[in-house]
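Lettering of chains follows the sequences in order, A, B, ..., and the numbering in each one begins at 1.
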Number of protein chains: 2
Amino acid sequence: MTRLSSEERRAALVRAAVRVIARSGLASATTRAIVAEARMPLASFHYAFRSRDEMIRELVAFVVGGEQFAILASLRPGVDIRSAIRAGVQAYFDLVASEPGREQAMFELLHYALRTPELADLPPFQYGSYRRVVVEALLAGAAHGGVEWSIPVDDLARLAVALTDGLTLGWLADRDDAAADRLMDSMADALAAFARPSTETAPSASTAARLEEHRS
Amino acid sequence: MTRLSSEERRAALVRAAVRVIARSGLASATTRAIVAEARMPLASFHYAFRSRDEMIRELVAFVVGGEQFAILASLRPGVDIRSAIRAGVQAYFDLVASEPGREQAMFELLHYALRTPELADLPPFQYGSYRRVVVEALLAGAAHGGVEWSIPVDDLARLAVALTDGLTLGWLADRDDAAADRLMDSMADALAAFARPSTETAPSASTAARLEEHRS
DNA sequence: GTCTATAAAGTGATAGAC
DNA sequence: GTCTATCACTTTATAGAC
């Protein structure tokens, strides 16, 4: 093994931890369970990480960064904004339904971080990251649909994230697929109600302006 | 002490556990921490409860039952439905903001129950209970405001619960009061959009009919 | 450098003295 | 009935053999 294995070991432990947490919950993700999943001896854990919390910090950054392509990948140009939103929400929900443990893990990590002072910076990072993805999707959707948003896109993103969180929690609680389907219809209606026909002749210029505004 | 103290002890331990969980999280709510909070010897815990999970089961029923008066108490007859919704959401949020640990505790209990097969019936009970309260509030609000809902009230309640869950999680993550305020405006707009002028001449009759329908 | 073996501090649950 | 004392086990983290 080369010296590079130190960095690789950290990554392997993080990936193993993600699997353990998704399968059995954060409380079951002991250092023993993680090294067993990664097929390593116990001491390797503290060889790679100073503490369990240090690994969790790296794990959150890893998972939050990776989770966000599904929605963006579901964007389809040329459809009306209500359909685009409905499809995007469906894509997110399909991801949740196909791997519920993964989404449960994200919530468990949030609540653990909220209770751990050393990890206090993770929740704002996690939700800031969610909103940034949704802002991009909303701007792209508006541009494709020839509409503009009647409230600041940051505020609309907050609403959309709140809705998806609520959708997820409600479905995790009772696993009612039909109810989730109806809820997604309502979500699409509610969000699309904030769209109005674009006043700009060049939609892309409007989009660029909002992007600039968002960067401030 | 009379024989009644057995029942009282259970209640005292549950109340102590609620305080410990709200203050320090579910993971810190060990049997030792709970009996210390209740000023009891350790053995009293297993004298009152067969196991820690048995107490958590009783705790969830206790807290879910008690949490629900704030929204209903905020109902004000005679105002338009959008204002009524906005005020109800604000009342809920004020409760969350005044005691964030309590709401965090509800989420932690949900996720713990989702990971504990013996407690699998608690999440549906918890969210069913939330929705039942919101259904009542929505029906009362519609009756007072002279409107009716354009989608089944059960579905609208699901949307409302999703929104409040998302509002709570987002605020817990970054504690942005101003953003929460704007989000509550959007929530009220979104929910009020599902109201339309009542077609019935007697709103109370319509309300009674829907209540009957809901009981089926 | 790597890992076995162990330390030190918790945990839920009980046996047995009062 | 009540509670002290303790069991059996698990946890994170590390010392020290290889």
Side-chain angles (χ1 to χ4, degrees), chain A residues 1-14 16-21 23-60 105 108-109 111-113 115-119 122, chain B residues 1-14 16-21 23-60 105 108-109 111-113 115-119 122:
Chain A
M1 308 283 178
T2 72
R3 270 182 305 187
L4 276 179
S5 70
S6 171
E7 188 79 3
E8 282 181 330
R9 229 185 256 266
R10 291 171 69 96
L13 284 168
V14 164
V18 170
R19 289 195 299 273
V20 172
I21 298 174
R23 190 200 311 134
S24 317
L26 182 56
S28 301
T30 64
T31 54
R32 278 175 170 76
I34 294 167
V35 295
E37 177 77 21
R39 299 172 174 275
M40 289 182 195
L42 177 57
S44 289
F45 189 94
H46 287 92
Y47 176 80
F49 295 102
R50 181 187 297 254
S51 71
R52 185 172 173 269
D53 280 354
E54 186 184 288
M55 190 226 57
I56 286 183
R57 174 177 289 281
E58 197 159 305
L59 185 150
V60 169
E108 290 168 349
L109 287 165
H111 290 294
Y112 179 76
R115 294 293 193 183
T116 308
E118 296 77 28
L119 302 179
L122 288 183
Chain B
M1 306 285 177
T2 73
R3 271 181 305 188
L4 277 179
S5 70
S6 171
E7 188 79 4
E8 281 181 331
R9 232 184 252 267
R10 290 171 72 95
L13 283 168
V14 165
V18 170
R19 290 195 298 272
V20 171
I21 298 173
R23 191 199 310 135
S24 317
L26 183 56
S28 300
T30 63
T31 54
R32 281 173 170 77
I34 293 167
V35 295
E37 177 77 22
R39 299 171 174 273
M40 289 182 195
L42 178 55
S44 289
F45 190 94
H46 287 92
Y47 176 80
F49 295 103
R50 181 187 296 253
S51 71
R52 183 172 173 269
D53 280 354
E54 187 184 288
M55 189 225 57
I56 287 183
R57 173 177 291 281
E58 197 159 305
L59 185 150
V60 169
E108 289 169 348
L109 287 165
H111 291 294
Y112 179 77
R115 295 291 193 184
T116 308
E118 295 78 27
L119 302 179
L122 289 184

Nucleotide N/O of nucleotides 13-18 of chain C paired with protein N/O under 3.5 Å:
unit_1 : atom_1 : unit_2  : atom_2 : d
C:dA13 : OP2    : B:His46 : NE2    : 2.6
C:dA13 : OP2    : B:Arg52 : N      : 3.1
C:dA13 : O5'    : B:His46 : NE2    : 3.0

message = Run the side-chain hydrogen bond (donor to acceptor under 3.5 Å, both in side chains) test on A:Arg115 and B:Ser24 for me, step by step, so that the C-alpha distance in whole Å, both residues' side-chain angles and the decisive distance to 0.1 Å come before the verdict.
response = CA-CA 7 Å; A:Arg115 294 293 193 183; B:Ser24 317; over 6 Å; no
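- When the side-chain nitrogen and oxygen atoms of B:Ser44 are compared with OP1 and OP2 of D:dC3, one or more of them lie within a distance under 4.0 Å.
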ask   = Given the rule in the side-chain hydrogen bond (donor to acceptor under 3.5 Å, both in side chains) test, do A:Arg52 and A:Thr31 qualify, once you have shown the distances and angles that lead to the verdict?
value = CA-CA 7 Å; A:Arg52 185 172 173 269; A:Thr31 54; over 6 Å; no
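- Summarising the geometry, the separation between CD on A:Glu8 and P on C:dG1 is reported as 16 Å, rounded to the nearest angstrom.
- Side-chain atoms of A:Glu118 and A:Glu54, non-hydrogen and from C-beta on, never get closer than 4.5 Å to each other.
- Taking each heavy atom of A:Leu59 and A:Ala17 in turn, the nearest pair found is CD1-CB, 3.5 Å.
- As a whole-Å value, the separation of A:Arg39 CZ from C:dC3 C1' is 17 Å.
- Heavy-atom minimum distance, A:Ala113 versus A:Leu122: CB-CB, 4.1 Å.
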